[in-house]
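My structure is below; once you've seen it, I'll send some questions.
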Amino acid sequence: MSISSAVETPNMIQVLVVEDEYILAINLQESLEGLGYTVVDIVDSAAEAIERANELRPNLILMDIRLRGEMDGIQAAEEIWRKLQIPVIYLTGHSDKSTVERATLTSPFGYILKPVSEQELYVAIQTAMERYEREQFLSTVLRGMGEGVIVADSQLQVQYLNQVAETLTGWRLEEAKNQMLTEVVQLIEEQTQRPAENPIAIALQTQTTIYLKNRILLVTKNGTKIPVADSATPVRDRSGSITGAVMVFRDDTQRRLNEERSLAAERARQIEIQIAELQRLNQLKEDFLATTSHEMRMPLSNIKMAISQLENVLNQLGILNHEEMSASESVTKYLTILRSQCERELTLIDNLLEMRMIDADVYPLQLTKINLHSFLQQIIDGFQELVQAQQQILEINIAADLSPFVADLNLLTRILTELLNNACKYTPLRERITVNVEYIYPENSYINDHRQSQILSNSPEPILQIKISNYGVEIKQEDQALIFEPFYRITKNKPQQKTTIFDTDNQIHLRNPLQDTGAGLGLTLVKKLVEHLQGSIAVKSNHICTTFTVSLPFILSQ
């Protein structure tokens, strides 16, 4: 757009005349009105000029430099411009160097020597108004910008702040003008909180545009710290000489928040992708395990059945006749090995399938009424022969007041059988295995440490507690933390002694009580089964004994 087109026509321009020579003032009024301007008043002192300018708000002031009173025209013009932003043209009969220099410091819009001709007066007024309109337009643009603008001269003294800069720094233009830039604009590095070099100073030194570093904070007048960003560039006059620099900056808080939100959203998206990929891999693993377990179980079942049929055929042929022990001993031994290894692999596959079903939460529960005394006695009776053969001592302590309760009989049998098997396997010669069963009323909430979820909370129902302890074996602390992990086996412990067992033929066999030939899934499955019954299992071990404690919610039979 053309700025000059916005200049008002003469009949729209109102002029205040400040002149202490009455005749000259009247002549100026006649000349101005002859040119089409409107003279709103004539005053003859600086104080009256300030007062009338504030009341009448003229478009232009013709100001004589030498006036009556303590103030002269230059002081009055400076005060009027600072408060009202009204352009001033000086009138003077003095053109000495000191007067001109002093008047120039106030940035006047014109300078007319007396006597004044109409043509000179017209040109001066139109030129002043055109300049004023252009500056007002640029000032309006700067004030209306959404970013802060600070202008400093070559001596780093602040000359201009727009409204956004005033808001961000906390300084008003009147307060900041001619103040040192470092006083008004204090920048620090966010990470170190140390002062950062001002970009205007760098722009003046390098004579190039300088961009603010990342993570820079502006310290406002009241001490608040605001993240800012943008640039500073030098300002040149018509001859190309650098006269100052301008800094354009903005509050960077919202951009940073948006950036952090975007990063958080991207991280969340990446996590979702990772979760989906993990779910896909878990599904593939489960599908592979299910398919593999099924395909492996089928031929092993057929092998086991074939072994039984083979024994029948060999018996019918008399090959396994005990009267001919030397001929049949090897065959019997190999058949026993085949059956044992086949059953071991079938147990492993069954364990894998059961763990998968529990993890998938599809393992069926068949609840039934259980008489604890008879049930526990049956389980323990099944181990009496093994305990006697291994010369171990089995002690049972079952509370007399145990009422019947509801649970899954098969799962409870699997849990106790596995724990007793372990106790028999690892207990040395002439050492004790104890089984203690009772129910307790917990004073505090009962928390399952492995599942990290509350199972019972201040419940009036008791907890069924089964403790199986075996003496003479210690599980190290580091092993206790891993003992329920799949495929984990204790291999570093050494037996305290070997157990000597005599069979019916007085053949001596040495057994290592800590040698575990299993796959390391027994305790893992026990833990999963206990948790499937909404209970927990814990282990404690010292140099005296090792104790596994199973805690189950005691559900009374209706």
Side-chain angles (χ1 to χ4, degrees), residues 369-388 390-450 455-456 459-475 479-480 483-484 496 513 522-523 525-527 529-557:
K369 177 181 176 181
I370 301 175
N371 186 301
L372 290 172
H373 283 279
S374 59
F375 164 72
L376 292 169
Q377 195 62 51
Q378 284 179 352
I379 297 292
I380 292 168
D381 287 346
F383 285 88
Q384 290 291 359
E385 183 178 350
L386 176 61
V387 168
Q388 291 173 6
Q390 298 185 159
Q391 300 183 36
Q392 297 161 336
I393 303 168
L394 180 58
E395 296 180 357
I396 303 101
N397 299 297
I398 302 176
D401 57 348
L402 288 182
S403 302
F405 78 116
V406 176
D408 188 303
L409 183 62
N410 177 55
L411 296 192
L412 195 55
T413 302
R414 296 281 303 279
I415 292 166
L416 295 179
T417 301
E418 181 65 33
L419 291 176
L420 283 170
N421 263 326
N422 275 353
C424 292
K425 183 186 299 183
Y426 291 104
T427 301
L429 178 69
R430 291 187 293 275
E431 288 288 357
R432 287 184 302 139
I433 300 171
T434 63
V435 179
N436 292 278
V437 183
E438 62 180 344
Y439 63 85
I440 60 173
Y441 289 90
E443 296 180 0
N444 300 319
S445 297
Y446 168 66
I447 304 296
N448 184 332
D449 292 335
H450 297 289
I455 296 175
L456 297 176
S459 172
E461 299 296 337
I463 293 172
L464 179 65
Q465 192 174 83
I466 304 171
K467 290 186 177 181
I468 298 177
S469 304
N470 57 316
Y471 291 76
V473 177
E474 179 181 2
I475 301 176
D479 288 322
Q480 292 180 38
I483 198 169
F484 296 107
Q496 294 181 2
L523 288 176
L525 181 59
V526 166
K527 177 177 177 290
L529 293 175
V530 170
E531 290 179 348
H532 197 56
L533 291 174
Q534 299 298 300
S536 73
I537 183 169
V539 60
K540 283 187 177 181
S541 185
N542 53 40
H543 66 283
I544 298 175
C545 72
T546 295
T547 300
F548 285 88
T549 302
V550 176
S551 301
L552 297 170
F554 191 98
I555 304 174
L556 292 174
S557 174

Phe383 versus Thr417, closest heavy-atom pair with distance: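 Smallest interatomic distance, heavy atoms only, reads CZ-O, 3.6 Å.
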
Closest approach of Arg432 to Thr427 (non-hydrogen atoms, all atoms of both residues):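 So the minimum-distance heavy-atom pair works out to O-CG2, 4.0 Å.
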
Tyr439 vs Leu402 side-chain heavy atoms within contact, under 4.5 Å: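 With C-beta onward as the side chain, the pair touches.
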
Audit row: Val539, Phe484, side-chain contact (heavy atoms from CB on, under 4.5 Å) steps and yes/no: CA-CA 10 Å; Val539 60; Phe484 296 107; 4.2 Å; yes

Working for side-chain contact (heavy atoms from CB on, under 4.5 Å), residues Ile393 and Ile433: CA-CA 6 Å; Ile393 303 168; Ile433 300 171; over 6 Å; no

Gln390 side-chain N/O to Cys424 backbone N/O, donor-acceptor pair under 3.5 Å: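 It does hold such a pair.
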
CG-CD1 distance between Leu420 and Ile380, expressed to the nearest 0.5 angstrom: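 Going from CG on Leu420 over to CD1 on Ile380, the span is 6.5 Å.
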
N/O donor-acceptor pair under 3.5 Å between Ser374 side chain and Asn371 backbone: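 Yes; judged by distance alone, with no hydrogens or angles, the pair exists.
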
Close side-chain approach of Cys545 and Asn470, heavy atoms under 4.5 Å: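 The answer is no; the side chains never approach within 4.5 Å.
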
Candidate pair Ile468 and Thr547, rule side-chain contact (heavy atoms from CB on, under 4.5 Å), full reasoning: CA-CA 6 Å; Ile468 298 177; Thr547 300; over 6 Å; no

Heavy-atom closest contact (Pro428 atom, Gly472 atom, distance):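 Taking Pro428 first and Gly472 second, the nearest heavy atoms are CG-O, 3.8 Å.
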
Separation of Gln392 CD from Gln384 CD (nearest 0.5 Å):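 Output value for this atom pair is 11.0 Å.
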
Minimum side-chain heavy-atom gap Val550-Ile415 below 4.5 Å: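 Yes, at least one pair of side-chain atoms sits under 4.5 Å.
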
Leu412 vs Leu552 side-chain heavy atoms within contact, under 4.5 Å: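 The answer is yes; the side chains approach within 4.5 Å.
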
Any Asp408 side-chain heavy atom under 4.5 Å of Leu533 side chain: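 Side chain of Asp408 against side chain of Leu533, heavy atoms only: contact under 4.5 Å found.
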
Worked verdict on Asn422 versus Phe548 for side-chain contact (heavy atoms from CB on, under 4.5 Å): CA-CA 10 Å; Asn422 275 353; Phe548 285 88; 5.5 Å; no

Gap between atom OG1 of Thr434 and atom CG of Leu394 - 0.5 Å precision: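 Rounded to the nearest 0.5 Å, the CG-OG1 separation comes to 8.5 Å.
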
Gap separating the CD atom of Gln480 from the NZ atom of Lys540, nearest 0.5 angstrom: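 So the CD of Gln480 and the NZ of Lys540 are separated by 10.0 Å.
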
Heavy-atom donor-acceptor pair, His373 side chain to Ser403 backbone, under 3.5 Å: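 Not confirmed, His373 side chain does not pair with Ser403 backbone.
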
From CG (Leu523) to CG (Leu529), nearest 0.5 Å: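 With rounding to 0.5 Å, CG (Leu523) is 11.5 Å from CG (Leu529).
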
Side-chain (Ser541) to main-chain (Ile475) donor-acceptor, under 3.5 angstrom: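 Yes, because the side chain of Ser541 sits within donor-acceptor range (under 3.5 Å) of the backbone of Ile475.
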
More than 12 heavy atoms from other groups under 6.0 Å of CD on Glu385: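 Atom CD in Glu385 is not packed in, count stays at 12 or less.
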
Atom pair OG1 (Thr549) and CD1 (Ile466), whose distance is rounded to the nearest 0.5 Å: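 The CD1 atom of Ile466 is 10.0 Å from OG1 of Thr549, to the nearest 0.5 Å.
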
Test: Lys527 and Glu531 ion pair at under 4.0 Å: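 Salt bridge between Lys527 and Glu531, a charged N being under 4.0 Å from a carboxylate O: yes.
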
